[in-house]
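Heavy-atom basis, side chains included; hydrogens, waters and symmetry copies ignored. So that the names make sense, note that chain A is the first sequence line, chain B the second, and so on, each numbered from 1.
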Protein chains: 2
Amino acid sequence: MRRTTLQTVADRVGVSRATVSNAFSRPDQLSSQLRHKILAVAEELGYVGPDPTARMLARGTTGAVGVLLPDSLRHAFTDEVLTTFLGAVADALAPTGLGLTLLPPGEHGDVLPARDVPMDGALVCAVAPGSKAVNWLVRRGVPLVLIDEDPAAGMAGVNVDDRYGARTAAEHLLDLGHRHVGVLTAGLGPGPRLVGLPRPEDAVGHTSRQRLKGWLDALVPAGVSPLVSSQPSAYDDASVAARLLLDIEDPPSAVLCFSDAMAAELVRTAVDLGGRVPADLSVVGFDDSPLASRLRPTLTTVRQDVDAKGRAAAAALHSAIERSHAGHPVAAEHVQLPTELVVRQTTALLSA
Amino acid sequence: MRRTTLQTVADRVGVSRATVSNAFSRPDQLSSQLRHKILAVAEELGYVGPDPTARMLARGTTGAVGVLLPDSLRHAFTDEVLTTFLGAVADALAPTGLGLTLLPPGEHGDVLPARDVPMDGALVCAVAPGSKAVNWLVRRGVPLVLIDEDPAAGMAGVNVDDRYGARTAAEHLLDLGHRHVGVLTAGLGPGPRLVGLPRPEDAVGHTSRQRLKGWLDALVPAGVSPLVSSQPSAYDDASVAARLLLDIEDPPSAVLCFSDAMAAELVRTAVDLGGRVPADLSVVGFDDSPLASRLRPTLTTVRQDVDAKGRAAAAALHSAIERSHAGHPVAAEHVQLPTELVVRQTTALLSA
DNA sequence: TGGGGGAACTGTACCGGTTCAGACGCGCTC
DNA sequence: GAGCGCGTCTGAACCGGTACAGTTCCCCCA
């Protein structure tokens, strides 16, 4: 027994396939009398409605957008900043009826999601515009919005002012009298390791680069050369990198961290090593994720409005899709959201 | 200019469409010489590869599975138990190359995801088997795995032993001497409210029913009739329902909660009201989410292995899809995972 | 020299809809 | 009563591939 199809219903009712199609998809194209009859017969035959895939092919639209994520999909559910972002996107997209398909960047058994998953548009989250996955999306002509990536790429994008935020964080520490400053970040080469004053351009990931620039913007003019500890990914366990910074002769009196999660690890490591925060060590996080307020002491951090970022991303994507549906892609707008230092309890005046 | 298609490439190379298709999808079907030529021409013409949608239609498979979730998709990124679960599913599915599409249960502007999104199979998470969305999936013949739902439905499913876990939680409180016990749960009618001894069958949601049954399994034989406070959804803010339980004459000395999140709210409310946990109030959560260990005092709770649940769900779904691909659906297996009481710091002997 | 066996391609029938330019009939207007 | 407009429905082209049963051609072996 074959799956019942439009034609089955059409034959049974004695009308054309087109009419049955209209009964489901364009009710105004036929008399409501006939429509009800068709619907009834369809029900009776167990016909569920137009096959989504066939409809996609014929209509040329899929009803879903992709979200290209770094590394494993796991982070999409694990990292609080990302979950908040995705939640906001999901909410903002809901009224449009667009679904959300999460895309890992790599390939799994010769299927490469960026190439093989149908979608009307995509959000590219912290995946470099030059990467293989993004290239596929571009070549496919999928309308794209870049999140937290270099706006120079000429595509639509949403960013936050990471650099400014990082700078204010560093200035805050300087204001408190700290001169021996550490940096705990990600993307500066393999393995957790200490890096002699790094060049921001060398960092992997636009966010890493911007934040590093911001920190240096403040530190360097003040004559402060930070001690930098880096690990490959921000998602890795930061305790090793943290130890590199703290478990040494003459550790820094204050540390700037790439994220709240890494800051949390740092605080824990400091405490494990017998230090007191902020008495012996000031710590600044980044993002102001829920974690920042949960920690005790509460974490001084740089706030970004992740919810707003999600909404902006959804809006930008929606309009990018609209545009591409209409004429050719017009000017790619770029949104930049502000950041703001939030001083809480993990930073204090340098004690003597 | 039309999108370049298989045919374009075929014409240019001077071979049949089938051969070009093979060049991309079944390399062993042609000489590698010709294949490379075709690939080169394709590249030159800007042909990206087979259109995913068309391929789906022709192959009858989509390469993605759906996850039907309760309420807003937001919870998928917000609730820690759910995020853990989905993370585990994503991980377990990765090697199979299957993508993950999150499906809201309701309809958005006349598109109903459960009916309109193409998928090879679906995980139904805490959505009743009789609901509209699930019915669509069933009628479409989508291979299904029910998570945390009634196994009676004759479909494959993964559960945890909620009832047993709840019973041991209640027994624990009884062992500690508590006789005036409260219950903070969800699904017993509208609005936050106190409910006189409820019948488990009346609860909305299989999990709610099972946990309630478990609690009563222990309490009723002991002659303890709990004071039950309920709110519509477990995802709602529980502070009002918590207050209903605590801000009264003669509040309970111990409370069983539907989830760790609700337990956390309860603890906070108790503290706000000037109580001490566990001195004045013992609290038991459910799930052993990361939250449970984060809280201070750490939360006594009922542990379920959400990661294992995710893996089991992915495995069950995968095999359900395989089966349906082959012959007709065979016996629907049902997995039940254990639960275990984890005693931490929020429960204590009844202080005379 | 005849024939068996592959490897390398092709022809063609699907997959299951959407869409749009008509065709048809019918009531209304002038 | 001819013509017009409109609401309804149909035909057929199209969306962009996949898959399977051939057809060719060539090599090898008896």
Problem - Nearest-nucleotide comparison on DNA chain D, the residue closer to the 5′ end among B:Phe24 and A:Ala58 - result: A:Ala58

Exercise for the section: Give the intermediate values and the outcome of side-chain contact (heavy atoms from CB on, under 4.5 Å) for residues A:Val89 and A:Leu100. Expected result: CA-CA 9 Å; A:Val89 171; A:Leu100 218 56; 4.1 Å; yes

Completion exercise
Axis-to-axis angle for the helix from C:dT1-D:dA30 to C:dC30-D:dG1, ends of five pairs each, to 10°, equals 50°

Practice task
Please step through side-chain contact (heavy atoms from CB on, under 4.5 Å) for the pair A:Met119 and A:Leu103, ending with a clear verdict.
Solution key: CA-CA 11 Å; A:Met119 51 191 130; A:Leu103 310 168; 3.6 Å; yes

Fill in the blank from the handout: Residues passing the salt bridge (charged side-chain N to carboxylate O under 4.0 Å, His left out) test with A:Asp91, sequence neighbours excluded, are B:Arg74

Practice task
Assign A:Ser25 to base, sugar-phosphate, or nothing according to its heavy-atom contacts below 4.0 angstrom with the strands shown.
Solution key: sugar-phosphate

Problem - A:Asp11 bridged to A:Arg17 by N-O distance under 4.0 Å - result: no

Practice task
Check whether any side-chain N or O of B:Thr5 sits under 4.0 Å from OP1 or OP2 of D:dG17, and answer yes or no.
Solution key: yes

Exercise for the section: Using a heavy-atom cut-off of under 4.0 Å over every strand shown, decide if A:Tyr47 touches base, sugar-phosphate, or nothing. Expected result: sugar-phosphate

Practice task
When you get a sec, tell me which of C:dG17, D:dG16, C:dT18 is the closest nucleotide to the side chain of B:Leu57?
Solution key: D:dG16

Problem - Whole angstrom value for the distance that separates C1' of C:dG17 from CZ of B:Arg140 - result: 14 Å

Problem - B:Arg12, CZ: over 12 other non-hydrogen atoms inside 6.0 angstrom - result: no

Got a list of protein N/O to nucleotides 6-11 of chain C N/O distances below 3.5 Å?
{"from": "C:dC9", "atom 1": "OP1", "to": "B:Ser31", "atom 2": "OG", "distance (Å)": "3.3"}
{"from": "C:dC9", "atom 1": "OP2", "to": "B:Ser31", "atom 2": "N", "distance (Å)": "3.1"}
{"from": "C:dT10", "atom 1": "OP2", "to": "B:Ser16", "atom 2": "N", "distance (Å)": "2.8"}
{"from": "C:dT10", "atom 1": "OP2", "to": "B:Ser16", "atom 2": "OG", "distance (Å)": "3.1"}
{"from": "C:dT10", "atom 1": "OP2", "to": "B:Thr19", "atom 2": "OG1", "distance (Å)": "2.5"}

Exercise for the section: Can you tell me the distance, in whole Å, between the CD1 atom of A:Ile38 and the P atom of D:dT8? Expected result: 13 Å

Problem - B:Thr19 and B:Gln29: CA distance, side-chain angles, deciding distance, side chain to side chain donor-acceptor pair (under 3.5 Å) verdict - result: CA-CA 8 Å; B:Thr19 300; B:Gln29 296 298 297; over 6 Å; no

Problem - B:Val20 side chain reached by B:Val15 side chain, heavy atoms, under 4.5 Å - result: yes

Handout entry: Rounded distance in Å - CG (B:Asp51) to P (D:dC15)
Key = 11 Å

Completion exercise
To the nearest angstrom, the CG-P distance between B:Leu6 and D:dA19 comes to 12 Å

Exercise for the section: For A:Gln7 and C:dG16, give me the distance from atom CD to atom C1', rounded to whole Å. Expected result: 10 Å

Practice task
Flag yes if more than 12 heavy atoms outside B:Gln33 fall under 6.0 Å of its CD atom; otherwise flag no.
Solution key: no

Handout entry: For atom NZ of A:Lys37 and atom C1' of D:dT8, their distance in whole Å
Key = 14 Å

Completion exercise
Between CG of A:Asp11 and P of D:dT10 the distance, given in whole Å, is 12 Å

Problem - Derivation and outcome, salt bridge (Lys or Arg N to Asp or Glu O under 4.0 Å), residues A:Asp148 and A:Lys309 - result: CA-CA 10 Å; A:Asp148 287 336; A:Lys309 190 162 76 172; 2.8 Å; yes

Practice task
Write down the distance between CG (B:Asp116) and P (C:dT18), rounded to a whole number of angstrom.
Solution key: 11 Å

